[in-house]
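Accompanying notes for the structure given below.
Position 1 is the first residue of the sequence; numbering continues from there.
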Amino acid sequence: MTRQPGKYPDPRPLRPRAYCRQTHPFRTGLLWLLLLAPILTASNVAARSALKVVAVENTWGDLAAQIAEPDMAVTSLLASPVVDPHLYAPSPDDARHLADATLVVVNGAGYDTWASKLTDAAGLPAERIIRADSWPGWHTGDNPHLWFNTRAVADFVTRMQAACAQADPAHASAYAQRAHTLLDAIAQVNALLASVRTHVAGRTVAATEPLFDPLAEQMGLDMKEKDFQTAIMNGVEPAPADIARFENDLTTHKLHLLAYNQQMIEPAVVPLLELADSSGTPSLPLTEALPPTLPGTTRPPHWQDWVSSIARQTEHLLEHQP
């Protein structure tokens with residue numbers, strides 16, 4: 001099978017991901033202070049009649065909104081599946097939104113360090129910041145894509161509900177009720193993943209970076225090509241031996257599914273997608289952001305709709321593999 005024109009976006013040069021960058025601490029601190037300088041005074045004296053939640057990523061923003069709204073307004077800074085979150089440069093408006101928020105939601109795990117630097121520079125107290133990586137199961141160096149880890153998500157929901165109740169005690173019972181409903185939805189997602197596992201466990205799959213890994217593990221899939229994933233995540237060229245192994249596993253049909261991040265496709269990834277096409281290996285496109293719609297629907301999805309759709313699509317693609 002030949003490559004379909006325009007099927008895959010033009011690849012981008014390899015670059016370090018946000019959770020791999022290191023900069024001089026003095027210069028970094030000065031940068032955030034300069035970015036915040038025009039707005040801090042106004043933010044500190046502004047009257048805050050409305051309670052506001054600002055989430056950096058719309059994945060967490062959707063989950064936060066299911067708990068906080070309508071008693072708090074929820075805004076997400078990164079809401080487009082075509083924006084590269086690793087190259088995102090915050091604007092003064094972003095800094096203003098974060099400084100003025102009642103609560104701030106970040107992924108953490110080195111994924112959105114720019115937001116943490118802005119909240120630090122604005123002097124936001126720790127109790128107003130809900131970090132997904134505060135889940136006890138996450139440790140430094142673990143997979144940063146925590147929104148695909150249902151245990152981390154359930155832990156976030158519990159902590160988000162507590163933070164809302166602390167910030168707005170008058171509506172504590174409403175936050176608790178909505179959080180309970182969301183935890184029920186997460187339990188249903190877990191049940192679906194467990195059901196899919198009974199049909200696909202042990203199937204050999206690969207991904208071009210670790211975005212899919214938490215869900216793949218929960219479905220019992222045998223994830224290969226992890227050295228290649230690590231190189232792509234760290235913004236370095238994969239080793240020739242890792243590329244050769246990946247190509248061989250595709251051409252010899254050792255892999256039954258190839259998941260890839262369609263939000264950013266590195267140059268080393270495109271030949272593998274083309275090889276998967278020609279060898280008949282199905283590809284599973286994923287995004288880091290919650291998409292505006294799902295296949296076959298027109299309404300905006302919630303996190304649970306999105307993850308359930310990925311699980312069903314995975315099962316469908318693997319059922320048609322020998």
Side-chain angles (χ1 to χ4, degrees), residues 32-33 35-80 83 85 88-108 111-134 147 153 155-183 185-186 289-292 299-306:
W32 300 120
L33 287 173
L35 185 61
L36 281 164
I39 66 170
L40 280 178
T41 301
S43 297
N44 289 338
V45 301
R48 295 174 181 172
S49 57
L51 298 174
K52 297 176 288 186
V53 177
V54 176
V56 175
E57 297 85 10
N58 72 340
T59 47
W60 299 112
D62 173 73
L63 292 160
Q66 292 186 62
I67 301 167
E69 290 182 343
D71 299 305
M72 295 190 190
V74 179
T75 301
S76 298
L77 300 182
L78 297 179
S80 172
V83 172
Y88 184 75
S91 68
D93 279 345
D94 293 333
R96 182 180 296 107
H97 283 308
L98 291 169
D100 286 346
T102 308
L103 298 172
V104 171
V105 176
V106 301
N107 184 80
Y111 184 83
D112 44 16
T113 53
W114 60 267
S116 296
K117 291 169 182 174
L118 282 175
T119 56
D120 289 347
L124 292 182
E127 60 269 21
R128 286 172 52 190
I129 303 172
I130 301 91
R131 299 176 58 93
D133 69 357
S134 293
W147 58 90
V153 170
D155 177 77
F156 166 81
V157 169
T158 300
R159 290 186 290 110
M160 182 69 196
Q161 178 260 317
C164 289
Q166 182 177 1
D168 180 23
H171 297 102
S173 61
Y175 297 130
Q177 182 178 3
R178 290 191 290 263
H180 179 75
T181 299
L182 182 51
L183 288 171
I186 295 170
L290 180 68
R299 66 177 181 84
H302 286 305
W303 171 90
Q304 56 266 37
D305 304 319
W306 181 37

* **Ring geometry between Y88 and W114 (parallel below 30°, tilted from 30 to 60°, perpendicular above 60°)** => tilted

* Structure fact -> d(L63 CG, I130 CD1) to nearest 0.5 Å is 12.5 Å

* **Minimum heavy-atom distance A99-A122, with the two atoms named** => CB-CB, 4.0 Å

* Heavy-atom distance under 4.5 Å between the side chains of C164 and H171, does that happen here? -> no

* Structure fact -> For W303, the ring pair (Phe, Tyr, Trp, His ring centres under 6.0 Å) test, sequence neighbours excluded, returns none

* To do: Take D133 and Y111 through the test side-chain contact (heavy atoms from CB on, under 4.5 Å) and record every step on the way to the result.
  => CA-CA 10 Å; D133 69 357; Y111 184 83; over 6 Å; no

* To do: Give a yes or no on this: more than 12 heavy atoms of other residues, nucleotides or ligands lie within 6.0 Å of atom CD of Q166.
  => no

* **Close side-chain approach of D100 to V54, heavy-atom, < 4.5 Å** => no

* Reported CZ-to-OG1 distance for the pair R128 and T119, which is rounded to 0.5 angstrom -> 10.0 Å

* Distance, nearest 0.5 Å, that separates NE2 of H302 from CD of Q66 -> 4.5 Å

* **Nearest atoms (heavy-atom pairs only) where L98 meets L124** => O-CD1, 3.3 Å

* Do you see a donor-acceptor pair shorter than 3.5 Å between the side chains of W147 and N107? -> no

* **Minimum heavy-atom distance V74-A65, with the two atoms named** => CG2-CA, 3.7 Å

* Does the pair D155/R159 count as a salt bridge with the N-to-O cut at 4.0 Å? -> yes

* Nearest 0.5 Å please: distance from the CG atom of D305 over to the CZ atom of R299. => 4.5 Å

* Which heavy-atom pair separates W306 from A289 by the least distance, and what is that distance? -> CZ2-O, 3.5 Å

* To do: Spell out, as yes or no, whether a donor-acceptor pair under 3.5 Å connects the side chain of N58 to the backbone of S76.
  => no

* To do: Drop me the distance from I67's CD1 to M72's CE, to the nearest 0.5 angstrom.
  => 10.5 Å

* Compare all side-chain heavy atoms of V53 with those of E69 and state whether any distance is below 4.5 angstrom. => no

* **Note, P70 side chain near R178 side chain (heavy atom, < 4.5 Å)** => yes

* To do: Looking only at non-hydrogen atoms, find the nearest pair between V56 and A115 and report the distance.
  => CG2-CB, 3.4 Å

* Asked: Ion pair present between K117 and D120, side-chain N to carboxylate O less than 4.0 angstrom?
  -> no

* If you measure from CG on L51 to CG on D168, what distance do you get to the nearest 0.5 Å? -> 5.0 Å

* Structure fact -> When every non-hydrogen atom of V104 is compared with those of A101, the smallest separation belongs to CG2-CB, 3.7 Å

